[in-house]
Participant: 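Here you go, one structure.
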Amino acid sequence: MLLILLACTPASPTDTGAAPGEEAPLPDVWGPPPAGDLDPEPGVVEVHLTASRSEVSWVDDGPTSVWAYNGVVPGPLIQARLGDTVRVVFENDLDEATTIHWHGLRIDDEMDGVPAVQDPVEPGEQFVYEFTPPDAGSYWYHPHMRSYEQIERGLQGTLIVHEPDAPAVDRDRYFVIDDVALTGKGSIQRFSMSGMDQMMGRYGNTLLVNGSTDLLTDEVRPGGVERWRIVNTANARTMWVDVTGARWRVIAIDGTLLPEPYETERFQVPVGRRVDLEVIPDLDAEAVGLRVALPDGSDWSEYPVFEGTPAGDAGPGEWAQWPAAPLPDLLDTEQELILLLNAESDGSDLSWTINGETYTEGEGFEVQAHVPTRIIIKERTGMEHPFHLHGQFFQVIARNEEVDPTDLGQLDTVLVNGNDRVDLYTTFDNPGVWMAHCHILEHAELGMMTEMHVTE
Ligand code: C2O
Ligand code: CU
């Protein structure tokens, strides 16, 4: 009865086009192709991912053999609304074991995709990941086994949890930025884990944005509002991004919207980190560009990766209102962890350590859930480490005793520069076994990883 009545109600101005009992369609995001939702039930997103060997054409001399989710690099975009259950039926068609980790999502540890908690998914096996993301924002997924090779070979994808009350934008885009190390013939260079790779992590020689080495192009609306989500999926290289031909500001970091978005210059994106920008194309711009900037001695090299051509009638040119919650208060801390980041050499090989131990040597940390905690990270080698904690958000209390405004936000990844001391604040609200590690994948592989055992 009720259904018929609803169906007869004339469309209201806010009608989304969805029939009763159906959900409004998700925004159409420009970027890596979306995975289809295979479960018609509202509130459930079901996606099938298969990891297998595939081929892509990144360079003219290609093709390049890759390992990919559903044959594409980056893998399909997984999209959900806040509150949806996400079910990923995963099949491993590779020749080696793997897992999928959902970087930044504060879900149950059984679904976090780390071998410390789940059995590796062996070749030919299936595993069903199912979780309800508690936070909206921009996330990504990747293996958590031999990540330095599996991610570099192409296993990486994006995941968006849409805010229920996000303002409508003219375009929502996701840019996946990576650098890969290719041979002259376009193959992925072998994984030697020698000298420089051990020391710096593996730096690529080819910049990829959404799996393209060419400039990406599209139309943009002058004076319209766009949301640009950016993730750095490189093994090691810290990148910066810059926007031309537009006013732009930072609206979210590592998923969560910032209570106070800010305009800035060139913005740093360490590996693992996500940043969302709000971009308003200038009315008189000939083009709107996204550039990746890399330090080059005392100067910068800029690599244009996207160019938008103005088209259509002008928009109002006004910032949108983003539904951000205030940052949680920093309470007096009652628990303290100290992590000394260091390295050791046996004369030929390096290992990277936390408190003098590699991952396999160490026992991890026992911590109490729901307790305001200070994590003090001290870097001892003079090299940078993008520190990532699973399953929790943290805030930066101070960097070398000072507050850097670009550190504000609820984060899951923070860059610890050489010899820095960074103090983090978290309440460990999500009990379980959680990895904490350097996201330079070679450093993690060579030991710079530990576990936080968070108990009620
Ligand atoms: Cu993006 Cu432990 O990982
Ligand atoms: Cu590191």
Side-chain angles (χ1 to χ4, degrees), residues 69 74-75 98-107 109 111-118 120 129 137-152 155-159 176-178 193 196-203 231-238 254-255 269-274 339-344 350-355 357-359 364 377-394 411-420 422 430 432-452:
Y69 294 117
T98 188
T99 57
I100 309 182
H101 167 58
W102 313 95
H103 183 123
L105 290 182
R106 302 189 300 163
I107 53 181
D109 64 353
M111 294 294 145
D112 193 49
V114 299
V117 181
Q118 78 159 110
Y129 290 95
S138 309
Y139 300 94
W140 69 296
Y141 59 90
H142 62 74
H144 223 278
M145 295 185 65
R146 302 204 326 108
S147 312
Y148 70 99
E149 177 166 351
Q150 295 194 0
I151 296 179
E152 171 85 348
L155 295 169
Q156 45 179 272
T158 50
L159 189 153
V176 179
I177 306 180
D178 193 3
M193 194 63 103
M196 281 304 262
D197 283 4
Q198 290 191 357
M199 175 87 90
M200 307 285 295
R202 174 167 161 129
Y203 274 56
V231 59
N232 178 353
T233 65
N235 279 33
R237 190 195 293 272
T238 298
D254 287 354
V269 193
V271 290
R273 159 70 54 95
R274 283 87 58 225
L339 279 72
L340 302 177
L341 307 185
N342 213 333
E344 261 166 46
L350 264 187
S351 34
W352 288 95
T353 58
I354 297 177
N355 295 350
E357 294 174 319
T358 60
Y359 175 57
I377 305 177
K378 293 183 178 173
E379 207 294 321
R380 293 296 196 223
T381 72
M383 298 203 32
E384 64 180 33
H385 307 279
F387 175 82
H388 172 50
L389 173 61
H390 289 208
Q392 328 282 331
F393 286 148
F394 56 77
L411 314 178
D412 57 60
T413 307
V414 67
L415 191 67
V416 179
N417 291 303
N419 302 312
D420 263 14
V422 178
N430 192 7
V433 174
W434 302 105
M435 314 307 289
H437 61 92
C438 175
H439 220 289
I440 292 182
L441 302 173
E442 291 72 17
H443 290 183
E445 189 70 21
L446 296 174
M448 196 172 271
M449 170 138 73
T450 187
E451 289 170 12
M452 306 272 166

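We use all heavy atoms of the structure for the numbers below, so side chains are in, but hydrogens, waters and symmetry mates are not. Read the numbers this way: they start at 1 and go in the same order the structure lists the ligands and their atoms.
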Participant: Using 30° and 60° as the class limits, which term best fits the ring planes of Phe394 and Phe387: parallel, tilted or perpendicular?
Facilitator: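 The arrangement is tilted - the two ring planes meet at 30° to 60°.
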Participant: May I ask you to check whether Thr238 and Glu384 show a side-chain donor-acceptor distance below 3.5 Å?
Facilitator: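 Per modelled atom types, Thr238 and Glu384 side chains form a pair under 3.5 Å.
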Participant: Measuring from atom CG of Asp112 to atom CD1 of Ile100, what distance do you get when rounded to the nearest 0.5 angstrom?
Facilitator: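 Answer rounded to 0.5 Å: 12.0 Å.
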Participant: If you consider just the N/O/S atoms, which atom of His443 is the closest one to the Cu ion (ligand 2)?
Facilitator: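 The closest N, O or S atom of His443 to the Cu ion (ligand 2) is ND1.
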Participant: Evaluate the ring planes of His443 and His385, with Trp represented by its six-membered ring, and classify them as parallel (under 30°), tilted (30 to 60°) or perpendicular (over 60°).
Facilitator: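 If you compare the ring of His443 with that of His385, the planes turn out tilted.
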Participant: Roughly how far, to the nearest 0.5 Å, is the OG1 atom of Thr413 from the NE2 atom of His439?
Facilitator: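 Separation between the atoms: 6.0 Å.
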Participant: In terms of the angle between their ring planes, are His101 and His142 parallel, tilted or perpendicular, with boundaries placed at 30° and 60°?
Facilitator: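 His101 vs His142 ring planes: perpendicular.
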Participant: Going by chain and residue number, what protein N/O/S atoms come nearer than 2.8 Å to atom 1 (Cu) of ligand 1?
Facilitator: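 Protein N, O or S atoms closer than 2.8 Å to atom 1 (Cu) of ligand 1: His103 ND1, His142 NE2, His439 NE2.
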Participant: Would you please say whether a donor-acceptor pair under 3.5 Å links the side chains of Tyr359 and Glu451?
Facilitator: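 The criterion, which ignores hydrogens and geometry beyond distance, is satisfied for Glu451 and Tyr359.
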Participant: What N/O/S atom of His385 gets nearest to the Cu ion (ligand 2)?
Facilitator: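 The Cu ion (ligand 2) is closest to the His385 atom ND1, counting only N, O or S.
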Participant: Please calculate the NE2(His390)-atom 2 (Cu) of ligand 1-NE2(His437) angle and round it to 10 degrees.
Facilitator: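 Value, to the nearest 10 degrees: 110°.
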